[in-house]
Amino acid sequence: SISFALLAVMMCFLFIWNINSGSVPLTVRQVAEILFGAGREETAGVIVWQIRLPRICAAVILGGALAVSGFLLQTFFSNPIAGPFVLGISSGAKLFVALVMIWFLGRGMAIGSWAMVAAAFAGSMLSMGFVLLAARKVNQMSMLVVCGVMISYICSAVTDFVVTFADDSNIVNLHNWSLGSFSGISWEQVQVMSGLVAAAVLLVFAMSKQIGAYQLGENYARSMGVNIRLFRAGLILLSSLLSACVTAFAGPISFVGIAVPHLIKGLFRSSRPLILIPGCFLGGALVCLLCDMIARTVFAPVELSISSVTALFGAPVVIWLMVDRRKGGR
């Protein structure tokens, strides 16, 4: 459709803009020559192949994962303001990754990508467990969001305590990661995240028919033969895995998981999962590519945290959603 073509064109445009922009500006011709194998050992070649390309790939993969995770959580809670950052799931992942990083770094060991993802997934699941317990006690989504924010504050406070008593060398690594950034991503990390995200998104695609039925209500989904308990467990696991991948490699990134699914619904004017799932992935990738370029170029060589930039784009969307929802309830 025209909307997918528009997203694809914007993706190509942002890809080229990102790879040419930075503290060391490169021309399109230079980049094209490097991509086709010329001068990869030179400074410009190292910048493109070892710094910018892995970073761009990470922004695309993790941005898409974050948006799909937000779409799953909004489906699960049947509410537009549910998301991994707002519900405290990202903060739980951040806490566990911080603990694992300090334990490994304190013993002079390098932490592997799989250990980071496992720690982030454990933290995500723990936070999700608290959110689900709160959901049983409260009926209003606004109260559930407040509970999620409180969980986020608790996890962030514990993380701050942990960082305070860490070694100086560990604090530098933790501080850079905890602010949220795609910098320092390696090709090995890109391989791990791409495998995990691809597997999770394929499973989400496989569940698209059940998601469509669930959107029409639990009773309707049950009448269509959907095992509600198994289906809800699948949504929790997949959304937690996707948000855990993002937090493990790039730190907590705010508001993308909430804002993008609604922007994509408005663009496609559809609620069909077969359209929204790839649309959300492309939309999340575009938003993160744009925000990452702003974060690293506006005040270059000083780099902003990615969450600071995504908040400027995502927070107004969330405010509009809450105001619009309140008007609709009157």
Side-chain angles (χ1 to χ4, degrees), residues 11 15 18-19 22-24 26 31 34-37 39-69 90 93-94 96-124 169-170 172-203 238 240-253 256 281 284-285 288-289 291-293 295-296 303 305-307:
M11 179 76 77
F15 181 88
N18 265 268
I19 205 168
S23 55
V24 179
L26 300 171
V31 172
I34 292 167
L35 292 177
F36 286 105
R40 291 187 182 178
E41 303 300 323
E42 297 175 5
T43 302
V46 172
I47 289 171
V48 170
W49 274 102
Q50 301 303 322
I51 299 174
R52 291 187 185 173
L53 268 180
R55 182 171 185 153
I56 291 169
C57 290
V60 169
I61 295 166
L62 299 181
L66 198 56
V68 174
S69 176
S90 295
K94 173 184 170 182
F96 272 57
V97 172
L99 291 171
V100 171
M101 284 179 70
I102 286 179
W103 192 87
F104 272 85
L105 294 172
R107 285 158 178 77
M109 296 186 290
I111 182 170
S113 298
W114 291 105
M116 295 266 284
V117 174
F121 182 68
S124 296
S169 58
N170 295 345
V172 174
N173 292 322
L174 277 170
H175 182 70
N176 294 336
W177 166 82
S178 65
L179 292 175
S181 175
F182 294 116
S183 65
I185 298 287
S186 66
W187 282 116
E188 183 263 336
Q189 290 176 320
V190 170
Q191 289 177 347
V192 173
M193 72 176 71
S194 59
L196 287 169
V197 170
V201 172
L202 285 174
L203 288 172
L238 289 172
S240 296
L241 177 61
L242 289 168
S243 60
C245 280
V246 176
T247 307
F249 294 110
I253 298 176
V256 174
F281 192 92
C288 282
L289 270 179
C291 291
D292 186 52
M293 185 183 67
R296 66 187 180 85
E303 184 175 318
S305 74
I306 187 70
S307 279

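Numbers here simply count residues along the sequence, with the first being 1. Computation of the quantities below employed the complete heavy-atom set of this structure, encompassing side-chain atoms and omitting hydrogens, waters and symmetry-equivalent molecules.
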To the closest 0.5 Å, what do you measure between CH2 (Trp187) and CH2 (Trp49)? 6.0 Å
Is any side-chain heavy atom of Cys245 closer than 4.5 Å to a side-chain heavy atom of Phe121? no
How many angstroms lie between atom CD1 of Ile51 and atom CD1 of Ile56, to the nearest 0.5 angstrom? 11.5 Å
Are the side chains of Arg296 and Asn18 in contact, using a 4.5 Å heavy-atom criterion? yes
To the nearest 0.5 Å, tell me how far Ile253 CD1 sits from Phe182 CZ. 3.5 Å
d(Ser186 OG, Phe249 CZ) to nearest 0.5 Å is 8.5 Å
Going by heavy atoms in the side chains, are Met11 and Val60 under 4.5 Å from each other? yes
Looking only at atom types and distance, does a side-chain atom of Thr247 sit under 3.5 Å from a main-chain N or O of Ser243, one as donor and one as acceptor? yes
Locate the shortest heavy-atom distance separating Pro252 from Ser90; write the atom from each residue and the value. CB-CB, 4.4 Å
Min side-chain heavy-atom separation Pro54-Gln189 under 4.5 Å: no
Going by heavy atoms in the side chains, are Leu66 and Phe281 under 4.5 Å from each other? no
Quick one, Cys288 and Val256 - any side-chain contact, counting heavy atoms below 4.5 Å? yes
What's the separation between atom CE in Met116 and atom CZ in Phe96, rounded to the nearest 0.5 Å? 15.0 Å
Could you tell me whether the side chains of Ser307 and Ser305 share a donor-acceptor contact shorter than 3.5 Å? no
For the student: nearest non-hydrogen atoms of Ser181 and Ile306, plus distance: N-CG2, 3.6 Å
Show me the side-chain donor-acceptor pairs of residues 192-203 shorter than 3.5 Å, one per line, residues at least two apart or across chains.
| residue | atom | partner | partner atom | Å |
| --- | --- | --- | --- | --- |
| Ser194 | OG | Val190 | O | 2.8 |
| Ser194 | OG | Gln191 | O | 2.9 |

Please tell me if the side chains of Cys57 and Arg52 come closer than 4.5 Å, counting only heavy atoms from C-beta onward. no
